[in-house]
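Nothing here was measured: the structure is a model prediction, and the numbers come from that model.
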Amino acid sequence: MFIDRAVVKVVAGTGGSGACSFARFKYRPKGGPDGGDGGHGGSIFVRGDANLATLLDYRYRNVWKAERGAHGKGKTQTGASSPDVEMPVPPGTMIRDLATGELLGEILRPGDAILVARGGRGGRGNARFTTPTHQAPREWEPGEEGQEREIELVLKLIADVGLVGEPNAGKSTLLSVISAARPKIADYPFTTLEPNLGVVQLSDSRTFVVADIPGIIEGAHEGKGLGLKFLQHVERTRVLAFLVPLDAPDVQRAYDGLREEVRRYSAELYARPHVLLLTKQDLLPPGDAFPMVVAPEAARILAVSSAAGHGLDELKEFLWKFVAEARMVEGQAQSTEEEWPEV
């Protein structure tokens, strides 16, 4: 089951209390204060895990707690601090404070970690309060409370190519023939109810990841159909592939409609590099010319048939070069940001 949103309660550990103690030795009747400090409570981190692809685990475990720190002891012994708790999530996960809507961070790579609940500091023991004029203090501090909040985890798939199209445009079929993915394929709208990822392998160990997104309809940017589910996951893709079947009543109108839905949702997403794929080439009657499509912003217009296998090799080679260029541009942008940080 693919789960891309979860609400989780996180409770960090409370710090241990400081001790109020006085040394008791046989030959030192006035040994003085020796109460130790309490240990720190455990914090909670969200960490990226490359082995995960869904937030399913958080449907069954929606409360994460860290242990409290141990109390201080005599002989100025500091209580043990509690270990931190890590919540594994797939790369591409955004974390928000549910109450305030504040963005706490994003997990973009495996190993990335974000603090979501800070553990409480341990309290000071009475040995800490000793002064030249106050040599037998009885003061001590309780441990600080650990941070407690509800957080929202939202997964946005990270892929190289996002397949964009209306229901039954042939997205799932295309993904199944160019990769090892096995998405559900059927002859009715909205067959794809959840995103699917497939790895396309070419010669010389070249690979790229393709995402099959639920189909969109007019008004998708407002949440109609499965629109928001589509738009959420396509945000992370490097390039877009707009799929329009050749048996559509109006190919130009279908392409323009897809572009308009993306534009209304996000100007940044609209500006992302894209290619136009005319699918279901095998359904075009023999001898009929391809319909004229005006797509000046598309890097290329390709016609393919997933069922007959026409144009697939050319498509995979083109997408590889297209993705490689996008990766290079992305890398240059990151280098520039590191070299010239914002002030």
Side-chain angles (χ1 to χ4, degrees), residues 1-13 42-67 83-98 101-119 147 149-163 171-172 175-176 178-184 192-201 205 207-214 226 228-240 269 323 326-327 330 334:
M1 182 183 297
F2 184 86
I3 302 297
D4 56 10
R5 182 184 180 277
V7 174
V8 182
K9 182 178 182 180
V10 291
V11 183
S43 298
I44 300 180
F45 292 84
V46 174
R47 184 176 295 276
D49 188 337
N51 296 318
L52 297 179
T54 176
L55 299 174
L56 178 63
D57 293 344
Y58 298 98
R59 169 162 290 190
Y60 304 106
R61 182 182 176 185
N62 54 14
V63 177
W64 289 67
K65 292 184 178 180
E67 298 295 328
D84 296 330
V85 173
E86 292 188 351
M87 300 169 55
V89 298
T93 301
M94 299 176 60
I95 303 102
R96 292 185 182 275
D97 186 299
L98 188 64
E102 175 191 0
L103 178 63
L104 302 179
E106 300 177 64
I107 300 295
L108 299 178
R109 293 171 294 274
D112 286 355
I114 295 174
L115 176 66
V116 294
R118 187 180 300 277
Q147 192 174 13
R149 60 170 30 147
E150 282 190 313
I151 60 173
E152 179 185 35
L153 305 175
V154 178
L155 173 60
K156 296 182 178 180
L157 293 178
I158 297 178
D160 295 306
V161 182
L163 303 182
K171 302 182 299 298
S172 299
L175 181 66
S176 69
I178 64 175
S179 73
R182 292 295 175 264
K184 182 179 180 180
T192 302
L193 298 177
E194 58 192 39
N196 296 291
L197 289 180
V199 179
V200 180
Q201 295 184 331
S205 301
T207 62
F208 59 92
V209 180
V210 178
D212 168 27
I213 311 298
L226 297 174
L228 293 181
K229 197 175 185 70
F230 148 74
L231 294 166
Q232 171 182 311
H233 292 291
V234 81
E235 280 186 277
R236 296 287 192 194
T237 56
R238 290 187 169 93
V239 300
L240 304 179
L269 192 61
V323 167
R327 289 173 177 172
E330 183 179 308
Q334 291 177 352

Asker: For atom CD of Q147, is the number of surrounding heavy atoms from other residues, nucleotides or ligands below 6.0 Å larger than 12?
Answerer: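 Enclosed: over 12 neighbouring heavy atoms sit under 6.0 Å from CD of Q147.
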Asker: Please check: side-chain N/O of S43 versus main-chain N/O of G119, any donor-acceptor pairing under 3.5 Å?
Answerer: yes
Asker: Please report the closest heavy-atom contact between A66 and G42, naming both atoms and the distance.
Answerer: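 So the minimum-distance heavy-atom pair works out to CB-O, 3.2 Å.
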Asker: Is there a donor-acceptor pair under 3.5 Å between the side chain of D160 and the backbone N or O of V209?
Answerer: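 Checked: pair present.
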Asker: Please report the shortest heavy-atom distance between V11 and I44, naming the atom on each side.
Answerer: O-CD1, 3.4 Å
Asker: Who pairs with F45 by ring pair (Phe, Tyr, Trp, His ring centres under 6.0 Å), at least two apart in sequence or on another chain?
Answerer: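 With sequence neighbours excluded, F45 shows a ring pair (Phe, Tyr, Trp, His ring centres under 6.0 Å) to no residue whatsoever.
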Asker: Drop me the distance from I114's CD1 to I95's CD1, to the nearest 0.5 angstrom.
Answerer: 4.0 Å
Asker: List for me each residue that meets salt bridge (charged side-chain N to carboxylate O under 4.0 Å, His left out) alongside E102, sequence neighbours excluded, and say none if there are none.
Answerer: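 Listed in chain order: nothing, the list is empty.
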Asker: Under 3.5 Å, is there a donor-acceptor pair between the side chain of R47 and the main chain of D112?
Answerer: no
Asker: Write down the atom of V46, the atom of I107, and the distance for their closest heavy-atom approach.
Answerer: O-CD1, 3.7 Å
Asker: In Å, rounded to the nearest 0.5 Å, how long is the span from CZ of R327 to CZ of F208?
Answerer: 8.5 Å
Asker: Would V210 and L163 count as a side chain to side chain contact (heavy atoms under 4.5 Å, CB included) here? Give the steps.
Answerer: CA-CA 7 Å; V210 178; L163 303 182; 3.6 Å; yes
Asker: Only counting residues at least two apart or in another chain, list the ones meeting salt bridge (charged side-chain N to carboxylate O under 4.0 Å, His left out) with E152.
Answerer: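 E152: salt bridge (charged side-chain N to carboxylate O under 4.0 Å, His left out) contacts with R5.
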Asker: With sequence neighbours left out, which residue pairs that include part of residues 48-58 fulfil the salt bridge (Lys or Arg N to Asp or Glu O under 4.0 Å) condition?
Answerer: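 Every pair satisfying salt bridge (Lys or Arg N to Asp or Glu O under 4.0 Å) with a residue in residues 48-58: there are none.
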Asker: Report the residues that fulfil side-chain hydrogen bond (donor to acceptor under 3.5 Å, both in side chains) with E106, sequence neighbours left out, ordered by chain and then residue number.
Answerer: R236
Asker: So, for V7 and N62, which heavy atoms are closest and what is the spacing to 0.1 Å?
Answerer: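 Shortest heavy-atom separation between V7 and N62 comes out as O-CB, 3.8 Å.
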Asker: Please report the closest heavy-atom contact between D97 and L104, naming both atoms and the distance.
Answerer: N-CG, 4.0 Å
Asker: What are the two closest non-hydrogen atoms of W64 and E86, and how far apart are they?
Answerer: CZ3-O, 3.7 Å
Asker: With R118, which residues qualify under salt bridge (charged side-chain N to carboxylate O under 4.0 Å, His left out), at least two apart?
Answerer: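 If we apply the salt bridge (charged side-chain N to carboxylate O under 4.0 Å, His left out) test to R118, skipping adjacent residues, there are no hits.
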Asker: Answer whether the closest heavy-atom distance between the side chains of I151 and L153 falls below 4.5 Å.
Answerer: yes
